[in-house]
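Take a look at the structure below.
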Amino acid sequence: MAGKFFKRLGFFTAAGALFTVLESKRELRNIKKKYIRLCSDKSTKSKPVRLAFIADFHEAMEGRLNRSITRLIENEGPDAIIIGGDMINGYEDDEIRPAVTLMRALSDIAPVYMAPGNHEKKAELKVYQNKELFDSFIDGISDYDDIHYLSNEKVKLCYKDRTINIYGLDLDLEYYKRGKKVSVGKEKLNEYLGEAGEEYNILIAHNPEYFEDYAEWGADLTLSGHFHGGLVNIPLIGGLISPRLKVLPEYTKGLYYSKKHPDRKMYLTSGLGQHSVKVKINNIPEIIIIDLI
């Protein structure tokens, strides 16, 4: 009896592993668009501002999805394109090419505003074997006037009678480490970014774990990534695991409202690619189209 049990266990384990590999490959080759409309007490009578938001490109399919991503965004006619970090991986010498090529193509559609993720931060601090990776990445985008790499910086955008501040948060690596969660808090965010403006504030913050801190600081809309949708999305439950290896984390993907400031929101995207363990189940890569009204 024990022999039959272990044979069946082995069969179902192998079948599950094969399904995971094949389904992940299928999903990582596809892209879906999601549309959301957001309003606030800072809304005006002018026409909506349209944003396209992506994150966690991670050289998706070695750049083979670049044309599809560019076409899908171009068809939406965004006023600005937001990138929530982790365009690169950091493992290969030539992997920045897909990221740089995509960002250049997107800048022909609309101004691009990017904040770094943990992979850009590691590259900047020379953690990876290729010590020139970050410099090569920045060199590849620095000559393009419509590409803005925001490292704890702010830009002010004016659309008729509407003013929007876009902040790019560049957290230290200690805020990404596995294990004990380090608190950020409003004071620390003021050190990084200065005090939040009076206008509508969009914060590009790669790590979503600190959403309540971002809302307390003054972010009307936080745009995050990093969690990859929890890798496996379980219907009615959510993402399975976070980068800190927390099972069923509070945030995985979608629109969230602050508990203390219900008018302040975060959209957490499941991203476009994967690194290391390339698993996506019920979790197709996405482009987010946001209309601010």
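These numbers come from the heavy atoms of this one structure, side chains and all, not from hydrogens, waters or symmetry mates.
- Between Ile96 and Leu133, some side-chain heavy-atom pair lies under the 4.5 Å cut-off.
- Under the 4.5 Å side-chain criterion, counting only non-hydrogen atoms from C-beta, Pro78 is not in contact with Leu51.
- Taking the six-membered ring wherever Trp is involved, the centroid distance between the rings of Tyr167 and Trp217 falls below 6.0 Å.
- Looking at Lys188 and Glu191, a side-chain N of the basic residue comes within less than 4.0 Å of a carboxylate O on the acidic one, giving a salt bridge.
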Exercise. Would Asn165 and Asn201 satisfy side chain to side chain donor-acceptor pair (under 3.5 Å), going step by step from the backbone distance to the final call?
Worked result: CA-CA 5 Å; Asn165 297 319; Asn201 298 313; 2.9 Å; yes
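- Checked by atom type, the side-chain pair Asp172/Tyr192 shows a donor-acceptor distance below 3.5 Å.
- Of the N and O atoms on the side chains of Glu76 and Tyr35, at least one donor lies less than 3.5 Å from an acceptor on the other residue.
- Partners of Phe137 according to the ring-ring contact (aromatic ring centres under 6.0 Å, His included) rule, which considers only residues two or more places apart in sequence or in another chain, do not exist here.
- Salt bridge absent: Lys47 and Asp291 never bring a charged side-chain N and a carboxylate O closer than 4.0 Å.
- Ring pair His148/Tyr113 is parallel by interplanar angle, where below 30° counts as parallel and above 60° as perpendicular.
- Side-chain contact annotation: Asp146 with Ser107, donor-acceptor N/O pair under 3.5 Å absent.
- A salt bridge links Glu199 with Lys156: the distance from a Lys NZ or Arg NE/NH1/NH2 to an Asp or Glu carboxylate oxygen falls below 4.0 Å.
- With sequence neighbours excluded, no residue satisfies ring-ring contact (aromatic ring centres under 6.0 Å, His included) with Tyr149.
- Not less than 6.0 angstrom separates the ring centroid of Tyr256 from the ring centroid of Phe211.
- Ion pairing of Lys177 with Glu174 is absent here, as no side-chain N (NZ or NE/NH1/NH2) approaches a carboxylate O to less than 4.0 Å.
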